[in-house]
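Convention: sequence-line order gives letters A, B, ...; per-chain numbering from 1.
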2 protein chains.
Amino acid sequence: MSKRDEALVAALELFNDRGVAVVSTNHIAEAAGISPGNLYYHFRNKEAIVAALAEQLFDRWDREFALPEERTPTISDIESMVRTNFRIAWEFRFFHRDLVALLRQDPYLAERFRGVRDRGFAGFRELCGGFVRFGILRPMDRRAVDLLARNCWLISEFWLQSLELDGETDFDMGMERGVEVLLQAMNPYLA
Amino acid sequence: MSKRDEALVAALELFNDRGVAVVSTNHIAEAAGISPGNLYYHFRNKEAIVAALAEQLFDRWDREFALPEERTPTISDIESMVRTNFRIAWEFRFFHRDLVALLRQDPYLAERFRGVRDRGFAGFRELCGGFVRFGILRPMDRRAVDLLARNCWLISEFWLQSLELDGETDFDMGMERGVEVLLQAMNPYLA
DNA sequence: GTCTATATCGCGATAGAC
DNA sequence: GTCTATCGCGATATAGAC
């Protein structure tokens, strides 16, 4: 692994454990076993390190949320998507935790993130609409679909933060409860 | 208004606009029209300023979420509670935005917040259970009540952050959509 | 690519006069 | 209570040798 990649791994762990704001470039360099000067050879500044990690996250989303093309999706596809989502969100938990601050301080990242997120949500709403057409969800109008999709999306995005507020430390247990909450939100609409 | 209070007002505005991490005590003093030294006369450090603002927030929660004692609560009580909640959350929007970081760096605040929040959520779940007993919500078991309450609580806590991620700038419009999402989440369970 | 050394800056916090 | 002045520190970032 290149020193650059080692720096990213070290930065990810530090950001996840302690928060972006309190982790300095010196900390990252030390944890990665390289000099501060070398870190600045690979990255223009701290913002660039965050941006590189964000791109890793976006790549994961792209790769892991491809829907089955050859068959009709089912409700258990949703469940496995939710789990995958929680797992990725956990790996990059620093990101959502400090997201509003990060977007404020890096307009380019903000634009990039909003593009990725908007496409993701549009796809998910589309999927929910598809469930109605396939008879998996009860018939409902566009507005109801939109509200349901938005509710589910909110749970997906913020459940981990909610766990941190609870003081929950066991990720697996916390994740299961999140899956339960989300499925229960869809439950009344199942056909 | 005392200089101390002016400092708190200035700090609140700066924190809301720019985020706690990037606002220094010097910024706060300047915005409040007092000297840095004076700021430190009134507050031990920056953490103490955040803690004082947090106490203001907790006071608001205490005062504004008293339920009507003399009559059975209705679903429209819920709606007005949600609106009140969003309005307070907006006034102190820095708080939830930076909350995980703040709790990490101030264990005392963490304990205090968790106490307030746990009591608040317990009360809300209780209220939902009451709705079932009063026949406002359809009969359901404890687990279903808990999951529903948790979902509604999540929307209440994180809707504003979700708006920031959307890039939504109109608070009133964003709030209305939040109310819609929350009421739609309860809707299937109405008797 | 990687290092050491260092310039520069601004922050948190304190001292001491008034 | 309020001010001015300042200390000490650690952060980001760069220069220049290897």
Margin query: Once you measure the plane-to-plane angle for A:F158 and B:F158, does it fall in the parallel (<30°), tilted (30-60°) or perpendicular (>60°) bin?
Written below: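 Rings of A:F158 and B:F158: parallel, as their planes differ by under 30°.
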
Next item on the list: Could you label the plane-to-plane angle of the B:W61 and B:H96 rings as parallel, tilted or perpendicular, counting under 30° as parallel and over 60° as perpendicular?
Entry: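 If you compare the ring of B:W61 with that of B:H96, the planes turn out tilted.
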
Notebook entry, point to check: Of all residues at least two apart in sequence or in a different chain, which pass the side chain to side chain donor-acceptor pair (under 3.5 Å) check with A:Q105?
Noted result: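 With neighbours one apart ignored, the set is empty.
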
Check: For DNA chain C, what residues of residues 24-57 of chain A have any heavy atom nearer than 4.0 Å?
Finding: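 Contacting residues: A:I34, A:S35, A:G37, A:N38, A:Y41, A:H42.
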
Next item on the list: Kindly determine whether B:R117 and A:D166 satisfy salt bridge (charged side-chain N to carboxylate O under 4.0 Å, His left out), including the steps that lead there.
Entry: CA-CA 9 Å; B:R117 180 173 180 267; A:D166 290 341; 2.7 Å; yes

Item checked: Verdict with supporting geometry, B:L99 and B:L103, side-chain contact (heavy atoms from CB on, under 4.5 Å) -> CA-CA 6 Å; B:L99 189 49; B:L103 298 190; 3.8 Å; yes

Checklist line | Contact interval (first through last nucleotide) of DNA chain C with protein chain A, 4.0 Å heavy-atom | finding: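 Answer, 5' to 3': C:dG1 to C:dT4.
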
Note to self: Taking the basic N atoms (NZ, or NE/NH1/NH2) and the acidic carboxylate oxygens, is any pair closer than 4.0 Å for A:D146 and A:R150?
What the structure shows: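 Salt bridge present between A:D146 and A:R150.
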
Check: Is any side-chain heavy atom of B:L8 closer than 4.5 Å to a side-chain heavy atom of B:H42?
Finding: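 Counting from C-beta outward, B:L8 and B:H42 never come under 4.5 Å.
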
